[in-house]
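Below is one structure, written out as structure tokens; the observations come after it.
Keep in mind that what you see is a predicted model, and the values were worked out from it rather than measured.
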Amino acid sequence: MAADPTARLVGGIRRGDRTGYGVRWDGPALTELPTPPDQFSTPAAVDADGTAFGQAGSRPVRWSTDGTVTDMALPTGYTAGEVTLLNDHGVVVGEYGGRPVLWR
């Protein structure tokens with residue numbers, strides 16, 4: 001779970017078949033975050049605008065407020081990474097292949 005300054009929340013939910021997917025709560029409204037078929041999603045952070053950051057499958061991604069999913073860049077040769085947190089300046093921190101990474 002993560003919250004932005006307006007108390008908007010993101011987190012993960014498990015279905016009855018034990019597959020997981022990310023969701024965003026904006027007040028009482030619950031929205032499922034798009035996830036590629038046969039993958040899980042795990043949002044780890046949300047900014048004040050409602051943009052969520054996390055993983056879809058093994059890829060670090062950004063979910064815009066309209067639900068658009070965008071892969072976050074990884075160095076050449078790497079196909080997996082993880083978002084850990086977001087600071088108040090919009091810097092996203094994570095890792096790929098055991099190495100730290102910053103996205104701005």
Side-chain angles (χ1 to χ4, degrees):
M1 285 288 209
D4 75 0
T6 69
R8 185 180 294 113
L9 301 170
V10 294
I13 292 180
R14 291 212 184 268
R15 295 182 176 99
D17 64 1
R18 301 186 54 82
T19 58
Y21 62 99
V23 293
R24 177 182 12 237
W25 286 271
D26 195 354
L30 177 68
T31 304
E32 182 174 342
L33 298 172
T35 303
D38 300 323
Q39 303 246 347
F40 65 91
S41 63
T42 309
V46 59
D47 68 15
D49 296 328
T51 302
F53 301 86
Q55 289 77 244
S58 61
R59 299 283 307 173
V61 297
R62 172 185 304 112
W63 288 275
S64 67
T65 55
D66 70 3
T68 303
V69 182
T70 305
D71 277 346
M72 296 173 69
L74 289 170
T76 302
Y78 289 89
T79 59
E82 180 178 348
V83 170
T84 308
L85 59 93
L86 166 74
N87 72 16
D88 292 339
H89 302 287
V91 177
V92 179
V93 178
E95 66 86 21
Y96 68 95
R99 295 177 175 88
V101 63
L102 296 175
W103 291 280
R104 297 178 194 263

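T42 pairs by the side chain to side chain donor-acceptor pair (under 3.5 Å) definition with nothing, not counting sequence neighbours. Considering only residues two or more places apart in sequence or on other chains, D26 meets the salt bridge (Lys or Arg N to Asp or Glu O under 4.0 Å) condition with R8. E82 meets the side chain to side chain contact (heavy atoms under 4.5 Å, CB included) test with Q55, E95; sequence neighbours excluded. Under the salt bridge (Lys or Arg N to Asp or Glu O under 4.0 Å) criterion, E32 pairs with R15, not counting sequence neighbours.
The backbone N or O of H89 sits less than 3.5 Å from a side-chain atom of N87, completing a donor-acceptor pair.
Membership of the apolar cluster around Y96 extends to F53, M72, L74, Y78, V83, L86, V92, V101, W103, as traced through chained side-chain contacts below 4.5 Å between ILVMFWY residues.
Applying the side-chain hydrogen bond (donor to acceptor under 3.5 Å, both in side chains) test to pairs two or more places apart or on separate chains, those with a residue in residues 58-68 are S64-D66, D66-T68.
At a threshold of 4.5 Å between side-chain heavy atoms, the hydrophobic network of Ile, Leu, Val, Met, Phe, Trp and Tyr places V46 and V93 in two separate groups.
When all heavy atoms of L33 and S41 are compared, the pair lying nearest together is O-OG, 4.3 Å. Listed here is the closest heavy atom pair of G22 and P43: CA-CD, 3.5 Å.
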